[in-house]
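Read through the structure below, which is laid out as structure tokens, and then see the notes.
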Amino acid sequence: MANAAGESWRLDTPDLIQQIALLAYLNKDEEGERFYKLVTAGRVWYEVYRRVSDQDEIEAARAQCILAIAEYIKKNPKASQEEVAKEVGKHIQEFAAKVDAM
């Protein structure tokens with residue numbers, strides 16, 4: 001239980017970098033304010049890019065494609081290479097169509 005509580009305080013890499021920059025800024029480090037502004041601007045622009053470019057939707061569609069292929073293989077372990085290739089091709093075409101429609 002103590003480990004679960006400790007995990008809630010963990011920071012991923014971007015959050016850690018931003019917290020280090022904020023700490024430097026709050027401690028009146030010479031470059032702290034500039035570093036904090038740079039890190040924050042970078043994170044904001046990255047998030048805007050991800051939203052505008054549909055990267056999250058593309059990654060979700062890619063994951064859905066891979067899961068569909070894996071599910072087919074799992075349900076059809078004795079499928080021939082030709083059958084698997086046909087199914088993989090079908091799912092890749094569906095993925096491409098989704099991406100093109102974005």
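Just so we're clear, the structure is a prediction, and the values are computed from it rather than from any experiment.
- Each of I17, L11, D12 was evaluated against P14; a single residue qualifies, D12, per the side-chain contact (heavy atoms from CB on, under 4.5 Å) test.
- E59 meets the side chain to side chain donor-acceptor pair (under 3.5 Å) test with R50; sequence neighbours excluded.
- F35 CZ to Q18 CD: the interatomic distance, rounded to the nearest 0.5 Å, is 10.0 Å.
- The two atoms that bring C65 and H91 nearest to each other are SG-O, 3.5 Å, heavy atoms only.
- Under a 3.5 Å cut-off, the side chain of D29 and the backbone N or O of Y25 do not form any donor-acceptor pair.
- Under the 4.5 Å side-chain heavy-atom criterion for ILVMFWY residues, a single connected hydrophobic cluster contains both V44 and V52.
- Taken from CD1 in I66 to CD in E71, the straight-line distance is 14.0 Å, to the nearest 0.5 Å.
- Rounded to the nearest 0.5 angstrom, E33 CD and L38 CG are separated by 12.5 Å.
- E94 has no carboxylate O lying under 4.0 Å from a charged side-chain N of K98, or vice versa, which leaves the two without a salt bridge.
- Expressed to the nearest 0.5 Å, how far CG of L67 lies from CZ of R62 amounts to 12.5 Å.
- Remark: side-chain polar atoms of E83 are paired, donor with acceptor, to backbone N or O of S80 under 3.5 angstrom.
- Taking K86 as the reference, nothing meets the salt bridge (Lys or Arg N to Asp or Glu O under 4.0 Å) condition, with sequence neighbours excluded.
- Shown here for I58 and M102, the closest heavy-atom pair between the two residues is CG1-SD, 3.6 Å.
- Each of L22, L23, L16 was evaluated against I20; a single residue qualifies, L16, per the side-chain contact (heavy atoms from CB on, under 4.5 Å) test.
- The two residues Y72 and E87 have their closest heavy-atom pair at CG-CG, 3.3 Å.
- Checked for salt-bridge contact, R43 and D15 meet the test: a charged N lies under 4.0 Å from a carboxylate O.
- The hydrophobic cluster containing I92 also contains V84, counting ILVMFWY residues as joined when their side-chain heavy atoms lie under 4.5 angstrom apart, directly or transitively.
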Side chain to side chain contact (heavy atoms under 4.5 Å, CB included) for F95 and Q64? Distances and angles first, verdict last.
CA-CA 8 Å; F95 167 72; Q64 184 180 22; over 6 Å; no
